[in-house]
Structures are given as structure tokens and as C-alpha cells.
Amino acid sequence: QVQLVESGGGLVQAGGPLGLSCAAFGGPSSNYSWACFRQRPGKGREFVAVITRSDGWTYYSESVKGRFTISRDNAKNAVYLQMNRVKPEDTAIFYCAAKDGYTCYTQPAPYNYWGQGTQVTVAS
């Protein structure tokens with residue numbers, strides 16, 4: 001049973017940085033395709049970023065491009081989201097997601113494994 005454990009998050013001032021981490025436990029030693037989604041109050045789950053299993057190619061939503069960076073550590077089966085120049089509209093519950101296989105998606109449905117979610121609140 002694969003479990004994703006998230007850490008980081010919290011309260012941050014607008015314009016500041018914040019980092020999130022997510023590690024996979026309990027499954028075979030396998031590298032996953034990773035993604036990050038968020039859910040803002042009253043909204044559905046929204047795509048933030050992906051990073052591929054093989055070559056670490058990344059892709060971002062327009063709302064975070066240039067401010068957020070997703071990276072991975074294959075040896076630790078972990079993924080990281082560095083958020084810079086955060087805005088009040090970034091306030092959301094952030095979720096990491098992982099899937100077997102090499103293809104990344106910007107929709108949540110294909111992802112097998114999900115973190116518990118971590119709250120990010122940006123104060124203006």
C-alpha cells in the first residue's frame with residue numbers, strides 16, 4: 001500500500017517563499033510520475049505542476065509559472081514544490097499525487113496515490 005506523506009505548508013506573507021515536500025512510502029522502490037494540485041475554498045481540485053518519471057520534464061499552470069518550481073529526488077522517492085512570490089490567491093489545500101507509468105496528466109483522475117493535503121495560507 002503506497003502512502004504519500006506531505007510536509008510543509010502553513011502561513012506565509014504575500015511575496016514570500018514557502019516549500020512543500022511529499023514522499024512515497026510502503027510501495028516498491030519505484031519512481032513515479034508526480035503532480036501537484038490545489039483546492040481553493042469553494043473550488044474544485046486545480047492543477048498546479050507535474051514532473052515526469054523519466055527525464056524530470058516539468059509543466060506548470062499559467063497561474064504559477066515563473067513563481068513555483070517542482071523538483072524530485074528519485075533516491076528518496078520524493079517530490080518538492082518551492083513556491084516563491086506567493087499571492088493571497090495561492091491560499092489553498094495543496095495535494096501531491098503520484099502514478100505509476102511515464103505519462104503525466106494535468107487532470108487528477110489518472111493519479112493512483114494522493115497525499116493527505118496541506119494547508120497553505122497567504123496573508124496579504
So does Q3 have more than 12 non-hydrogen atoms from other groups sitting under 6.0 Å from CD? no
Expected list for residues 59-69: side-chain donor-acceptor pairs under 3.5 angstrom, two or more places apart:
from	atom 1	to	atom 2	distance (Å)
Y60	OH	I70	N	2.9
S61	OG	S63	OG	3.1
E62	OE2	K65	NZ	2.7
S63	OG	R38	NH2	3.4
R67	NH1	R85	O	3.0
R67	NH1	D90	OD2	2.7
R67	NH2	S63	O	2.8
R67	NH2	D90	OD1	3.1
R67	NH2	D90	OD2	3.4

Is the backbone of Y80 close enough, under 3.5 Å, to the side chain of S21 for a donor and an acceptor to pair up by distance? no
Correct closest heavy-atom pair for I51 and C104 would be O-SG, 3.5 Å
Checking E89 now: which residues fulfil side-chain contact (heavy atoms from CB on, under 4.5 Å) with it, not counting sequence neighbours? R40, K87
Partners of Q107 by side-chain contact (heavy atoms from CB on, under 4.5 Å), sequence neighbours excluded? Y105, P110
For the atom pair CD1 (I93) and NZ (K43), what is the distance rounded to the nearest 0.5 Å? 15.0 Å
Below 2.5 Å, is that where the SG pair of C96 and C36 sits? no
Which residues satisfy the side-chain contact (heavy atoms from CB on, under 4.5 Å) test with A98, sequence neighbours excluded? L4, Y32, W34, Y113
Ring pair (Phe, Tyr, Trp, His ring centres under 6.0 Å) against Y95, all qualifying residues, sequence neighbours excluded: none
I need the R53 CZ to Y102 OH distance, nearest 0.5 Å. 4.0 Å
From L81 CG over to T118 OG1, what is the distance, rounded to the nearest 0.5 angstrom? 11.0 Å
Calculate, to the nearest 0.5 Å, the distance between atoms SG and CZ belonging to C22 and R72 respectively. 11.5 Å
Please, which pairs that meet disulfide (SG to SG under 2.5 Å) have at least one residue in residues 59-92, sequence neighbours excluded? none
Check whether T52 reaches the backbone of W57 with its side chain - one donor and one acceptor, N or O, closer than 3.5 Å. yes
